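Treat the numbers as computed from the prediction; the structure is a model and nothing was measured.
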Amino acid sequence: MDSRSEVGMSSTIQLPGARREATPAAEVFERRTTERWNRRSPIPFWIHGGGGGALMCSIQPAGPDVHDVYAADGAPLARITRRADRFLPWPRRIRWTAQLSGAPQVFTGKVGSGYTWLLYVLSSPVWLLFFLCMLVYSLFEGDTSDTGLDGPTRTRWRTAGSGTALDYRGIDKVYHYEPQLLDVRVAYAQAVLHAWERVR
């Protein structure tokens, strides 16, 4: 990793139920730069144990929407890939995959389920009316920062035969993972990439 003077903490990972002032489970560091993180020109980042702990893993971009996760000793842990959504010629949801190094299984997570997207599309006239009301209200109120119209966000990373390894619940904005199915370092890296994709 670069020297600490060139790197700054950008976010933390808290355990569910932990108080806000509690020591985080992990801290995310990235290079100090004037460039903002985006999917097309990603920057590397590092995850350390909470409270100034040791390096847990590093995440290096391997291309647009592709990241390699390395252990503290440099051993490869996984490759995380994001496939973009599209509407035409046929709809396709965002899909995340985590291919573990030296393991045949691939953890795949699709954003939203088919049923929730169908319900979302069928109820879109109501959502559109609600969005327009929010937009008019925010123009009078002066704050238009929360006028986005997002679709279903729940994402479950699964592999054939072993169930859900990582589960993002969009309403709670919380990730749940099964430590016996997925390495905590890969789970943290996937959660950070997934969260950054939504907020940056």
Side-chain angles (χ1 to χ4, degrees), residues 1 9-16 18 24-31 36-50 53-85 92-113 116 150-200:
M1 185 174 93
M9 186 173 63
S10 62
S11 55
T12 60
I13 298 171
Q14 295 280 7
L15 294 177
E27 298 169 334
V28 181
F29 291 86
E30 61 183 313
R31 279 196 195 118
R36 293 208 30 101
W37 185 92
N38 67 58
R39 289 190 331 266
R40 296 295 167 210
S41 61
I43 57 174
F45 63 95
W46 300 268
I47 300 177
H48 285 254
L55 177 67
M56 293 175 69
C57 62
S58 66
I59 297 81
Q60 303 293 327
D65 293 338
V66 179
H67 293 81
D68 291 329
V69 182
Y70 296 98
D73 63 359
L77 293 174
R79 173 166 274 193
I80 296 174
T81 308
R82 179 192 179 275
R83 185 185 73 183
D85 59 341
R92 181 174 76 184
R93 297 178 279 165
I94 295 172
R95 185 176 77 184
W96 290 91
T97 57
Q99 172 69 54
L100 303 180
S101 298
Q105 74 257 34
V106 176
F107 292 92
T108 303
K110 293 182 179 178
V111 176
S113 68
T116 57
D150 296 331
T153 58
R154 184 168 190 180
T155 309
R156 293 180 187 168
W157 285 264
R158 301 176 180 178
T159 187
S162 65
T164 302
L166 183 64
D167 185 6
Y168 171 72
R169 297 178 184 163
I171 293 174
D172 300 336
K173 296 184 171 110
V174 172
Y175 293 87
H176 298 275
Y177 84 99
E178 291 295 328
Q180 59 270 28
L181 296 177
L182 188 60
D183 187 320
V184 66
R185 298 168 294 186
V186 176
Y188 284 175
Q190 177 63 83
V192 169
L193 288 167
H194 184 253
W196 282 0
E197 188 257 339
R198 289 188 336 273
V199 298
R200 288 186 172 200

- Rounded to the nearest 0.5 Å, how far does OG of S162 lie from CD of E178? 10.0 Å

- Query: Under a 4.5 Å cut-off applied to non-hydrogen side-chain atoms, are K110 and T155 in contact?
  - Reply: no

- Check for a donor-acceptor pair, side chain of R93 on one end and backbone N or O of G112 on the other, with a separation under 3.5 Å. yes

- Query: Can you name the nearest heavy-atom pair linking Y177 to V184, along with the distance?
  - Reply: OH-CG2, 3.2 Å

- Message: How long is the straight-line distance from OG1 of T164 back to CG of L182, given to the nearest 0.5 Å?
- Response: 11.5 Å

- Out of curiosity, E30 CD to S11 OG, how far, rounded to the nearest 0.5 Å? 7.0 Å

- Task: For residues A98 and I80, report the shortest heavy-atom separation together with the two atoms involved.
- Result: CB-CG1, 4.3 Å

- Item | Minimum heavy-atom distance L166-A187, with the two atoms named | CD2-O, 4.1 Å

- How many angstroms lie between SG in C57 and CG in D68, if you round to the nearest 0.5 Å? 12.0 Å

- Does any non-hydrogen side-chain atom of T108 lie less than 4.5 Å from one of T159? no

- CD1 of I47 to CE of M56: how many Å apart, nearest 0.5 Å? 7.0 Å

- Item | Trace of the side chain to side chain contact (heavy atoms under 4.5 Å, CB included) decision for R82 with I94 | CA-CA 7 Å; R82 179 192 179 275; I94 295 172; 3.2 Å; yes

- Task: Flag the pair R154 / V111 as yes when at least one side-chain heavy-atom distance between them is below 4.5 Å, and no otherwise.
- Result: no

- Query: Is it true that R95 and D85 make a salt bridge, defined as a side-chain N closer than 4.0 Å to a carboxylate O?
  - Reply: no

- Query: Are F45 and S58 side-chain neighbours, meaning at least one heavy-atom pair lies under 4.5 Å?
  - Reply: no

- Message: In the structure I gave you, are the side-chain heavy atoms of L77 and Y70 within less than 4.5 Å of one another anywhere?
- Response: no

- CD of Q14 to CD of E27, rounded to nearest 0.5 Å, is 9.5 Å

- Measure the acute angle between the ring planes of W96 and W157, then classify it against the limits of 30° and 60° as parallel, tilted or perpendicular. tilted

- Message: For the backbone of Q60 and the side chain of H67, can you confirm whether one donor and one acceptor N or O come within less than 3.5 Å of each other?
- Response: no

- Query: Going through the distances and angles, do D65 and R83 end up as a side chain to side chain contact (heavy atoms under 4.5 Å, CB included)?
  - Reply: CA-CA 7 Å; D65 293 338; R83 185 185 73 183; over 6 Å; no

- Task: Report yes if the side chains of L55 and W46 come closer than 4.5 Å at any heavy-atom pair, otherwise no.
- Result: yes

- Message: Counting C-beta onward and ignoring hydrogens, is there a side-chain heavy-atom pair between Q99 and T97 closer than 4.5 Å?
- Response: no

- Task: Report yes if the side chains of Y188 and Q190 come closer than 4.5 Å at any heavy-atom pair, otherwise no.
- Result: no

- For the residue pair A78 and S101, what are the closest heavy atoms and their distance? N-OG, 3.6 Å

- Query: Using the ring of each side chain (for Trp, its six-membered ring), is H194 parallel, tilted or perpendicular to Y175, with breaks at 30° and 60°?
  - Reply: perpendicular

